[in-house]
Amino acid sequence: MELTSSQRVAVEHKDGPLLVLAGPGSGKTRVITSRICQLISSGVSPYSICAITFTNKAAQEMRERVISSGIRSGAHISTFHSLCVRLLRQYAQQAGIQANFSIYDEADQSRCMKMALKEVEVPASDFQPAAVLDRISGWKSDLELVEAVRQRADGFRMKMLVRLYDRYQQILQANNALDFDDLLVKVAYLLKEHPQVREELNERFRYLLIDEYQDTNHAQYQIAKGLALGHGNICVTGDPDQSIYRWRGADIGNILAFEKDYPNATVVRLEENFRSTAAILAVADKLIHANKKRKEKRLVPTIGEGAEVQVQGYDDEEEEAYAVVLKVKALIDSGEDAGEIAIFYRVNSMSRKLEEAFIRNRISYQVVRGVEFYGRKEIRDMIAYLKVLANPQDELSLMRVINTPARGIGETTLAKVTSWARDNRLGFYEAAMRAADIGGIAKATQAKLATFVRMIEDLRSGIEGPVAPLMEKVLHQSGLESSLSTGRGDEGTARDNVIELIDGAAAYDSGTDNPSLVDYLQQIALFSDTDAYDAAARKTALMTLHAAKGLEFDHVFIIGAEEGILPHERSASNEDELEEERRLMFVGITRARKGLEVSFARHRTTRGLFSRTIPSQFLYEMGVEIRTPEDAEREPHHQKGEGHGELIYEAFEEDGHPEYLKGELVRHPKFGLGRVVGFIWLGENSTVTVKFNTGSQKTLMLKYANLTKEQF
DNA sequence: AAAACATACATTTTT
DNA sequence: TGTATGTTTT
């Protein structure tokens, strides 16, 4: 495809600052990759190019695009966070840290904060860990260190928060750990306080490109500034209308002030849209115009008018879910590619009803929620072992694994070792090594500690080189393997998950030049939900509106357009936050190429409470006729009432799974005889409801229930 | 020490 | 609603 004149200006721009204000669907990604290729073919060394993307996925795609256009690879393409990890490893000494640092995720952070809360002795009810962490994250995003905040701290609450901030940082440091914000903070200060490091990097990266600049926070802004110092070859791209991470500290002002920061900047506006139909763009445009704090920007359609945007109301969320899934099914049946259909929602919990509808209708789908995998107990256990091996100071991880699986090192023992360690100014692990010197620990327990220490030492000796074989060893020697196979419940899946993790590590080993445990751990810590989206699977995708950023689909459904959900209730009080919600909606709308349906439910059950809802104000701002459930009923093809009922029964009666019909007599190993009251087919998650002769009625998972049919 | 049970509790988005 | 924590039981 030919480049437009604006696109060409952006691609061919060589030296000096460049701001690309790129609307949705304007071919921005293509422009960036073409620009990288153009730079290289004009004689710039690939190694002197540093491109920063918003997600790992985007970085991966950009790398592939550059390579596939026949250009020698070698340009550094990664996210801010990955870049920071690299720099911190390389300049660990100057940054005042050790290169084998652990990266603490939200759960780890929360545990550290709970420790801090205990130690600082605050009235715990007034300080929830998550809220305190949120404040601290805000300070860090603004590059405010403890001392700076302390200076201006007034009032009891602020002073407490500062003490918590201080203590929290001490805990992280003691564990040789950094949280997500620290990665940025450390690099920003590295560049600021070590001019020779900064100059070295300015020398190395002659061309800096930053995508999604509207979502950079102050720390990222300072890092970008430092990296561009000296040469000023900084190209940023973004769209203020798509800024959706204010809550995470992103400062839309960074992109708005770019021309002030870099007075000789060239500015290119990409306003033509090559993605969506005119009908969709008109709706997006109307909506975004309701934002007052906004720089006017046009959306210029280049594709035909297309089908009308649908806004459809449903009676409740169940009806909404089933109707949307039916529409997905109809699209697929009419020959549309299932992988070109997506459903977006405001909050992750809204995927549940949709999944149920997909399963019952036996349509395959994918939920884009990758980090969930890393939150599973067995995965966290495994990774905690690896962290202990890679970073001996990581006591948080050590505490997790020391008695997992259970090996007879209980709370009392841990308390004794901990207090002895403190008295002797040693780490917990060093103390555990000298269990014999600690008074009051039984001989048998001493032996258990010694065995554990020996195992860690042995595993640690094999820490170099590829990761997957090491993980196999850990799995085996730690006893996790046998605990997974003897454990009840979801044993099969827990085991599968660990195997999946090891497979992933094997892929890492073969795809990396110098695989190392430290590098592997630091990489997986930065995985995001979006990274889990598998476009090649050709399955209909379910994801949050945030995860949808940067993607596009032929057909898009946005569900739950109700006051309190979209816009979310937490943003209702504040005009700025409301505008951000509107931008979020705008992002969702502009993902669609051909078809868009926005829906709402008049009733919704939120945390167990069934209540009436109000349609989102955004629906009115979009200027589309709103169709109510009653309107739909007047349609000639409408299936009355339980419109989705037929499909459920169809699934119910199909073969391949044991059928439990109402009234059938069954026997349960524990509860005895009973009669089937209901059966819900959910694939392997099918449930049977049985009224037992004991009088109790229970809903059981078929795969665990161990029911036998009684013949009568 | 682990499982079973009970009860409180808080609910956005994510690198 | 479902999770996360605390309490009791085995």
Side-chain angles (χ1 to χ4, degrees), chain A residues 52-59 78-85 103-107 109-111 114 124-125 128-131 133-134 137 140-141 178-185 212 215-217 219-220 243-250 317 344-350 352-353 368-372 374-375 377 403-414 445 448 483 486-489 522-532 543-549 560 564-572 577 580-581 583-585 587-588 604-611 670:
Chain A
I52 299 173
T53 57
F54 195 70
T55 63
N56 289 303
K57 187 104 194 161
S78 75
T79 62
F80 262 110
H81 289 263
S82 297
L83 173 66
C84 289
V85 166
I103 298 175
Y104 278 3
D105 65 13
E106 216 178 335
Q109 290 179 51
S110 175
R111 289 187 58 198
K114 280 176 189 160
S125 53
Q128 287 155 3
L133 284 167
D134 211 48
S137 175
K140 289 190 187 179
S141 302
L178 302 177
D179 66 18
F180 292 129
D181 298 311
D182 285 334
L183 296 173
L184 303 173
V185 173
E212 308 284 12
D215 280 325
T216 51
N217 62 26
Q220 291 167 325
S243 163
I244 54 175
Y245 284 95
R246 206 183 84 104
W247 53 273
R248 208 170 78 188
E317 81 262 40
F344 306 149
Y345 34 78
R346 180 63 178 84
V347 296
N348 271 308
S349 60
M350 292 170 76
R352 215 165 262 134
K353 269 276 172 283
V368 181
R369 213 182 320 169
V371 289
E372 205 181 43
Y374 292 95
K377 185 188 173 296
N403 201 30
T404 311
R407 49 173 71 88
I409 304 173
E411 255 171 81
T412 25
T413 310
L414 293 183
T445 314
K448 284 169 187 164
S483 83
T486 56
R488 297 199 297 113
Q522 292 176 350
Q523 278 199 27
I524 60 167
L526 299 176
F527 274 168
S528 70
D529 276 347
T530 359
D531 298 327
M543 66 188 88
T544 63
L545 284 157
H546 283 88
K549 174 156 135 164
I565 292 181
L566 184 59
H568 196 271
E569 57 188 344
R570 299 273 281 242
S571 58
E577 287 179 22
E580 174 145 315
E581 294 286 304
R583 291 194 292 268
L584 190 56
M585 183 81 176
V587 167
R604 189 174 293 275
T605 311
T606 329
R607 47 173 186 275
L609 281 174
F610 183 79
S611 59
K670 197 168 154 202

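Small disclaimer: the values here were computed from a predicted structure and weren't measured. The chains referred to below are lettered A, B, ... by the order of the sequence lines, with proteins before strands, and numbering in each begins at 1.
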Side-chain N,O (T544(A)) to OP1/OP2 (dT13(B)) below 4.0 Å: no
N348(A) side chain near dT14(B) phosphate (N/O to OP1/OP2, under 4.0 Å): yes
[atom1] of [X] versus [atom2] of [N]: gap in Å, rounded?
| X | N | atom1 | atom2 | value |
| --- | --- | --- | --- | --- |
| D105(A) | dT14(B) | CG | P | 14 Å |
| E411(A) | dA1(B) | CD | P | 8 Å |
| N217(A) | dT14(B) | CG | C1' | 12 Å |
| Y104(A) | dT15(B) | OH | C1' | 18 Å |
| I409(A) | dA1(B) | CD1 | P | 10 Å |
| F344(A) | dT12(B) | CZ | P | 21 Å |
| E569(A) | dT12(B) | CD | C1' | 9 Å |
| F80(A) | dT14(B) | CZ | P | 20 Å |

Name all residues meeting the side chain to side chain donor-acceptor pair (under 3.5 Å) criterion together with [X]; count only those two or more places apart in sequence or in a different chain, and write none if there are none.
| X | result |
| --- | --- |
| T79(A) | S82(A) |
| D179(A) | K140(A), Y168(A) |
| R407(A) | Y385(A) |
| Q220(A) | none |

Ring-on-base stacking dT12(B) with W247(A) (under 5.5 Å, under 30°): no
Verify stack between H568(A) ring and dT12(B) base, 5.5 Å, 30 degrees: yes
5′-ward residue of the pair N56(A)/G410(A) relative to DNA chain B: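 Closer to the 5' end of DNA chain B: G410(A).
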Closest-nucleotide 5' rank along DNA chain B - winner of E577(A) and P405(A):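 The 5'-side residue here is P405(A).
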Check every atom of [options] against the side chain of [X] and return the nucleotide holding the closest atom.
| X | options | result |
| --- | --- | --- |
| N403(A) | dA10(B), dT15(B), dA2(B) | dA2(B) |
| R346(A) | dT12(B), dA10(B), dT14(B) | dT12(B) |
| V347(A) | dT12(B), dA10(B), dT15(B) | dT12(B) |
| R570(A) | dT14(B), dT15(B), dT12(B) | dT12(B) |
| H546(A) | dT13(B), dA1(B), dT15(B) | dT13(B) |

Touch class at under 4.0 angstrom, heavy-atom based, for D181(A) against every strand present: nothing
Minimal non-hydrogen separation, M585(A) against L566(A), with atom names: SD-CD2, 3.4 Å
Extract from the structure each pairing of a protein N or O with an N or O of nucleotides 1-9 of chain C at less than 3.5 Å, listing the distance.
{"unit_1": "dT1(C)", "atom_1": "O4'", "unit_2": "G608(A)", "atom_2": "N", "d": "3.2"}
{"unit_1": "dT5(C)", "atom_1": "OP1", "unit_2": "K114(A)", "atom_2": "NZ", "d": "3.0"}

Stepwise side chain to side chain contact (heavy atoms under 4.5 Å, CB included) test for R346(A) and E581(A): CA-CA 9 Å; R346(A) 180 63 178 84; E581(A) 294 286 304; 2.8 Å; yes
Partner set under side-chain contact (heavy atoms from CB on, under 4.5 Å) for T412(A), not counting sequence neighbours: none
With sequence neighbours excluded, residues passing salt bridge (Lys or Arg N to Asp or Glu O under 4.0 Å) with R604(A): E320(A), E562(A)
Backbone N/O of I103(A) and side chain of Q522(A): donor-acceptor pair under 3.5 Å: no
Any donor-acceptor N or O pair under 3.5 Å, side chains D134(A), S137(A): no
Rounded C1' spacing from dT5(C) to dT12(B) in Å: 23 Å
ring-ring contact (aromatic ring centres under 6.0 Å, His included) partners for Y245(A), two or more places apart: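 Checked Y245(A) against ring-ring contact (aromatic ring centres under 6.0 Å, His included); matches are F54(A), W247(A), H546(A).
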Range-with-range stems of DNA chain C (Watson-Crick or G-U pairs under 3.5 Å, three or more in a row):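 DNA chain C stems, ordered by first number: B:1-10 with C:1-10.
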